[in-house]
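See structure below.
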Amino acid sequence: NRKVSHLMNIRHFISAKRQCVWALAALVLPFAANAQREYSPNLSIGARAGVTLSSMSFTPEVHQSMIQGKTFGITARYTEERFFGLIAEVNLTQRGWKEDFVKDEAPQFEYSRTLTYIQIPLLTHIYFGSNKVKGFFNLGPEAGFMIGEKIKSNFDYKNFDNIPDFPKGYRTNEQMKMEIENKFDYGIAGGAGVEFFINRRNSIQLEGRYYFGIGNIFKATKRDFFAASRGSSIEVTLSYMFRVL
């Protein structure tokens, strides 16, 4: 009888243990499946386009205002975590500056310089929200190479010393006739925006982004005229994204 009772106790223990395992599995599996869905890899590609407002940070100071340009390119986004991902882009972007002669009481003069870059940002992507609408922040380094420039002027900017009534002496003018020395540019880009999902694979993004350049377009040694000549810009873009993974 003792042996039978002992065997029955062992069977009851094994049975209870199995029930606990199955109960634990029943509790854990839905969360594991949900986590698998939440953290599954996601690769999206798309196209973006928008406008830029840019200026330069010169030392010595230059009287200027922002100039409007264009930007467009392709983008790829990879996410594997719930709130975190990476974005890589290749864009064609216009930057530069516009001389402000109004401050010098000479509004009859006009000068602007547009610099066109191929720029490649690599950004950390942090997002949050629902399956329909998400907010996001992007931040990371950006490198670019100037492929062209365009100067618009209604006067001979290379010989401004010989122009009557042209503001001189108290105004920095050397930048208008100087050649671009450094075509390679680099800096930090950061932005925020919102993404609207049309369906599981298609979405539209609206983003505002700020770029702070670190590189100088002119030489900046002690013997050079400018100690700093760095670009900065504000971008507002609209993107279409298509999920491929």
Side-chain angles (χ1 to χ4, degrees), residues 49-73 91-121 141-192 207-238:
V51 296
T52 65
L53 290 172
S54 59
S55 62
M56 301 293 297
S57 176
F58 287 113
T59 305
E61 182 184 2
V62 169
H63 295 171
Q64 61 177 304
S65 59
M66 285 188 163
I67 185 173
Q68 183 174 319
K70 301 176 183 178
T71 181
F72 56 89
N91 300 312
L92 193 69
T93 301
Q94 293 177 325
R95 296 182 180 137
W97 78 95
K98 182 179 181 181
E99 299 282 330
D100 187 357
F101 290 100
V102 176
K103 291 181 180 179
D104 305 304
E105 298 181 354
Q108 67 272 26
F109 297 107
E110 295 179 2
Y111 177 100
S112 64
R113 196 165 187 174
T114 301
L115 312 178
T116 302
Y117 288 88
I118 291 179
Q119 43 112 270
I120 303 175
E142 179 179 310
F145 187 80
M146 194 184 81
I147 60 172
E149 64 174 312
K150 184 176 182 180
I151 296 176
K152 288 185 179 181
S153 176
N154 63 355
F155 61 93
D156 185 2
Y157 57 88
K158 292 185 177 181
N159 298 292
F160 55 80
D161 287 328
N162 299 322
I163 300 175
D165 301 325
F166 191 85
K168 298 183 289 289
Y170 59 91
R171 188 183 197 279
T172 304
N173 294 314
E174 296 299 319
Q175 71 283 351
M176 293 188 293
K177 61 182 180 180
M178 292 177 66
E179 298 290 334
I180 303 297
E181 297 286 348
N182 303 316
K183 294 187 176 181
F184 177 74
D185 189 37
Y186 58 97
I188 302 294
E207 181 187 6
R209 185 181 298 179
Y210 178 73
Y211 171 76
F212 177 77
I214 299 175
N216 295 302
I217 62 172
F218 302 135
K219 288 183 178 179
T221 66
K222 292 182 179 180
R223 295 177 296 177
D224 293 306
F225 187 86
F226 285 103
S229 53
R230 304 183 180 99
S232 63
S233 65
I234 299 171
E235 298 180 5
V236 179
T237 58
L238 192 65

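Numbers here are sequence positions counted from 1.
- At distances below 3.5 Å, not a single donor-acceptor pair connects side-chain atoms of Thr59 with backbone N or O atoms of Ala227.
- The distance from the OH atom of Tyr211 to the CD1 atom of Ile188 is 8.5 Å, given to the nearest 0.5 Å.
- Contact annotation: the side chain of Pro60 approaches that of Phe226 to within less than 4.5 Å [non-hydrogen atoms, C-beta and beyond].
- Between Thr172 and Phe225, the closest side-chain pair of non-hydrogen atoms falls below 4.5 Å.
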Please lay out, stage by stage, how Met176 and Ile151 fare under the test side-chain contact (heavy atoms from CB on, under 4.5 Å).
CA-CA 9 Å; Met176 293 188 293; Ile151 296 176; over 6 Å; no
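- The nearest pair of heavy atoms linking Asp224 to Lys219 is OD2-CB, 3.2 Å.
- Put simply, CH2 on Trp97 and CD on Gln64 are 8.0 Å apart, with the number rounded to the nearest 0.5 Å.
- Within the model, atoms CE of Met66 and CG of Leu53 stand 6.0 Å from one another, a figure rounded to the nearest 0.5 Å.
- One distance of note links CG of Asp185 with CD of Glu142; it measures 8.0 Å at 0.5 Å rounding.
- Taking the side chain as every heavy atom from C-beta outward, Ile217 and Lys183 never approach each other to under 4.5 Å.
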Enumerate, atom names and distances included, each donor-acceptor pair closer than 3.5 Å involving a side-chain atom of residues 158-166, sequence neighbours excluded.
unit_1	atom_1	unit_2	atom_2	d
Asn159	ND2	Asp156	OD2	2.7

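- Atom CE of residue Met146 and atom CD1 of residue Ile180 lie 5.5 Å apart, to the nearest 0.5 angstrom.
- With contacts defined as side-chain heavy-atom distances shorter than 4.5 Å, the pair Asn173/Tyr157 does not qualify.
- Between Phe155 and Phe109, the angle of the ring planes goes over 60°, which puts this pair in the perpendicular group of the 30/60° scheme.
- Within the 4.5 Å cutoff, the side chain of Phe218 has heavy atoms near those of the Gln175 side chain.
- Within the 4.5 Å cutoff, side-chain heavy atoms of Pro121 are placed close to those of Arg209.
- Not one N or O on the side chain of Arg230 forms a donor-acceptor pair closer than 3.5 Å with the backbone of Gly215.
- Annotation: side chain of Ser55 is in contact with side chain of Ser232 (closest heavy-atom distance under 4.5 Å).
- Geometric assessment of Arg95 against the ring of Tyr117 yields a positive cation-pi assignment under the 6.0 Å and 45° thresholds.
- To the nearest 0.5 Å, atoms OG1 (Thr114) and NZ (Lys150) are separated by 7.5 Å.
- When all heavy atoms are compared, the tightest approach of Gly96 to Ser54 is N-OG, 3.0 Å.
- When all heavy atoms are compared, the tightest approach of Glu235 to Thr93 is OE2-CG2, 3.9 Å.
- Residues Phe184 and Phe145 place their aromatic rings such that the two centres sit no closer than 6.0 Å.
- Thr71 pairs with exactly one of Leu92, Thr52, Val51 by the side-chain contact (heavy atoms from CB on, under 4.5 Å) rule, that one being Thr52.
- Contact check for Glu207 versus Val236: no side-chain heavy atoms found under the 4.5 Å cut-off.
- The shortest heavy-atom contact between Ser112 and Ile67 is CB-CD1, 3.8 Å.
- Among residues at least two apart or in separate chains, salt bridge (Lys or Arg N to Asp or Glu O under 4.0 Å) pairs with a member in residues 100-118 are Asp104-Arg171, Arg113-Glu149.
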